[in-house]
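Positions are given from 1 along the sequence. Read the numbers this way: they start at 1 and go in the same order the structure lists the ligands and their atoms.
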Amino acid sequence: MKNLKPVAELSRDEAEKELARLARLLKRANTAYYVSDQPVMSDAEYDRLKQRNLAIETRFPDLKRPDSPSNLVGAPPSSAFAKVVHKVPMLSLEDIFDDASVYEFDESVRKFLGLSAEDAIDYSSEPKIDGLSLSLLYENGKLVQGATRGDGKVGEDVTANALTIRDIPHHLKPIDGHLPELIEVRGECYMAHSDFFALNERQKQRGEKPFANPRNAAAGSLRQLDPAITAERNLRFFAYAWGAHSEPVADTQIQALRRFAAMGFKVNILSELCHTPDDLVHEFHKIEDMRATLNYDIDGVVFKVNSIALQHRLGYRSTTPRWAIARKFSPVEAWTWLRKIDIQVGRTGALSPVARLQPVTIGGVVVSNATLHNEDYIAGRDSRGNPIRDGRDIREGDWVKVYRAGDVIPKIADVDLSKRPPGSEPYKFPDHCPVCGALAVREPGSSVRRCTGGLSCPAQAIERLIHFVSRPAFDIVGLGARQIEQFYVLSWIEEPADIFTLEARDRAGKKAKSDPEQMLEKLTGTDPEKARERLASALGLERFDTDKVAERFESLSKTPLAQMFGWGETSARNLFQAIRARRRIALDRLIFSLGIRHVGQVAATMLARSFHNWSAFYETMTTATPGEGAQWDSLVAIDGVGPVMAEALVLAFQQEKERALIDRLVAQLEEITEVSAPAPVDSPIAGKTIVFTGTLQHMTRAEAKARAEALGAKVSNSISSKTDLLVAGEGGGSKRGKAEKLGVRTVDEAGWLDLIGGV
Ligand code: IVH
């Protein structure tokens, strides 16, 4: 946070502006905290801003706004709910992550109690519900208070909200005609998957941010100042423990669960009595296998010594009981059903198989899609034909292991053949593009199958347009993936040049470049039904109906963008202005925007610097012959340009359709500006070629790259003999080995920070 001017030094004008800014900021922070449960600032920051607001108001009382944050309910967020001091603290559990630790847990219990391996100890096994714990105080059978866990000692009073949860009885049922004077029933408040998906659907429709996972959604819904909102969210509750009590609850954990059920609570039916640590391990794996089929999230299995008398003897460490343990699932893996394999077609025509999964939460994120890489991977072999996964193939309907780490796309890591449904068939990878129907072929030595439809394939055309308008390319704000898809299907924008003629066509009342039949034909790959759906959806129709489609297509083409649903005067004006501004473009952006295979941002910059202007570049691209002549030689001599990239470039410019498309685009541009070579910099990395791998703690990859370039270095993505330095953060894998083999100097993050003079 930047340093703010002392309040005493603010002018009246400045004060007024700042009060407006603070009102906006604090209101947003409040909504984020209370309504979406997705805080945008720390409590300390919130307090600081609030105090500053008050100080300014005290100095200029007449500037206090009607919507002043000083009037906001609840003062700092943490005091929005009344505090509840737990009579018995709400503890957490020690986590373990493997089977061996289950046996160690059993041993430690026996050792503490002085029991031998022969002495019987029973345990309960219960799914560990991934929600938030809630403590419910009943006096003479009547619910009088509901409290969150908070820090374990002090929680928040959420009684009004707890009363709206259907699974929570307002009055306990007496057992044998008897009700305890006081009992505090504890358990997990959670949101079922079906309710979570429905809630996120509503959030999206209202233009609000969806929740990342059911746990966040449950927390956000319980900690609502308005209980009516909690009620609408349909939270649920499982009872599994207790706090303060006026009389013994039960002799064993399993008996306690039965009593809770008799009192009117929901208890988890997957809870079991176990006699040995082998039983516990068996239970864990049984529950792990069921995980993806449950309608709620679990993140492990809890084991508790069954006898309450033994629990008392075992007692507690500072924050966890000795008598219980949580065997957690691996935070990066989960097993689930592979429902369907879909094929996506990318910018360069590559057919990528995507696994549609039974949604499963891995490391706090709901995963419903994962990559299957390519057809060899599905078939159980690598690109050289050697078996992977011992040759096990992957089929629709299989039980698969999904792996997710960080923000990378989740992968299917393995398959369990014992759960394969009878009669399943090996997956047949399509040999035609599912989007345009053109033949899809494999190049020799590659595992990737590519659509040969080129620019007449809508998938490739759309992906290339999305690339064209993206930030490092033409950077056209207001034209994102959604708009591109719609404008393409309406045949308003089919290639980059169309972007620049859109405004004129909009004014003339005829935006469409073709008619609906032509578009339908284009969209019909191997699935005509899907093509019809796609056209209907771009037109905002619920169903496909030939007459309606033609009519709507025509009328939308006439309607000015400014009057279309989702647009308006301002957004249409801004879009056209953003497009106009890009008629002047830098050469490196133009080269990158063409989306030619292998030509990334770095290569585009190198090419632009070396050719200086478009005509020189164009001349070489359209006349060079791969593998021969002075032009080819000078092209591959450019730093960062190898023969593979050079060939891709030359081929693109020498295919008639491609070249015509580029010519039409360039005809729309007013000026292509030169990219000057950077002034020589005096730094230890100036002129060096650097590769980054792994994760850096002190800066993002993008920041590291920018720093390196600012200091005169070149950043490349792959290691070669031209590399001078490898900066290896945490977890960098294969690149380290390669660098070592090639004798490339490698430094860790500390070494990197040294070179660039610190963060
Ligand atoms: S027993 C003193 N049983 O896990 C032990 N906890 O990491 C109290 N949880 O805060 C907890 N299912 O929110 C227990 N069957 C279960 C549970 C469970 C989920 C949660 C609970 C607790 C956390 C501990």
Practice problem: Check the angle between the aromatic planes of Phe265 and Phe237 and answer parallel, tilted or perpendicular using the 30° and 60° thresholds. | Solution: tilted
Exercise. Could you tell me whether some N/O pair between Ser92 and ligand 1 is separated by less than 3.5 angstrom?
Key: no
Quiz item: Tell me, which protein residue and heavy-atom name are nearest atom 8 (C) of ligand 1, and how many Å apart are they?
Solution: Leu91 O, 4.1 Å
Quiz item: With only distance considered, is Lys128 within less than 3.5 Å of ligand 1 through an N or O on each side?
Solution: yes
Quiz item: Would Glu396 and Arg339 pass as an ion pair if we require N to O under 4.0 Å?
Solution: no
Quiz item: Is it the side chain, the backbone, both or neither of Pro321 that has a heavy atom closer than 4.0 Å to ligand 1?
Solution: side chain
Quiz prompt | Lys/Arg-Asp/Glu bridge criterion (N-O < 4.0 Å) met for Arg110, Glu107 | solution = no
Exercise. Could you tell me whether some N/O pair between Lys304 and ligand 1 is separated by less than 3.5 angstrom?
Key: yes
Practice problem: Just go through Leu93, Leu134, Val88 and tell me whose heavy atom is the nearest to atom 5 (C) of ligand 1. | Solution: Leu93
Quiz item: Looking at Phe260 versus Tyr240, is the centre-to-centre ring distance below 6.0 Å?
Solution: no
Quiz item: Considering only heavy atoms, does Val302 approach ligand 1 within less than 4.0 Å through its side chain, its backbone, both, or neither?
Solution: side chain
Self-check item: Per-atom contacts, ligand 1 versus Pro127 - under 4.0 Å to a heavy atom
Solution: 12 (N), 15 (N)
Quiz prompt | Ile129 N/O under 3.5 Å from ligand 1 N/O | solution = yes
Self-check item: Arg392 and Asp390 ion-paired at < 4.0 Å
Solution: yes
Quiz item: Are Asp195 and Arg236 ion-paired here, with the side-chain N under 4.0 Å from a carboxylate O?
Solution: yes
Exercise. Go through ligand 1 atom by atom and flag the ones less than 4.0 Å from a non-hydrogen atom of Glu126.
Key: 3 (N), 15 (N), 16 (C)
Quiz item: For ligand 1, which atoms sit closer than 4.0 Å to a heavy atom of Ser133?
Solution: 10 (O), 13 (O)
Practice problem: For residues Tyr296 and Phe238, establish whether the separation of their ring centroids is below 6.0 Å. | Solution: yes
Exercise. Identify the protein heavy atom lying closest to atom 20 (C) of ligand 1, giving its residue, its atom name and the separation to 0.1 Å.
Key: Glu188 OE1, 3.5 Å
Practice problem: Would you please say whether a donor-acceptor pair under 3.5 Å links the side chains of His282 and Glu272? | Solution: no
Quiz item: What protein heavy atom is closest to atom 21 (C) of ligand 1, reported as residue, atom name and distance in Å?
Solution: Tyr240 OH, 3.0 Å
Quiz item: Quick one: do the Asp98 and Ser101 side chains pair a donor with an acceptor below 3.5 Å?
Solution: yes
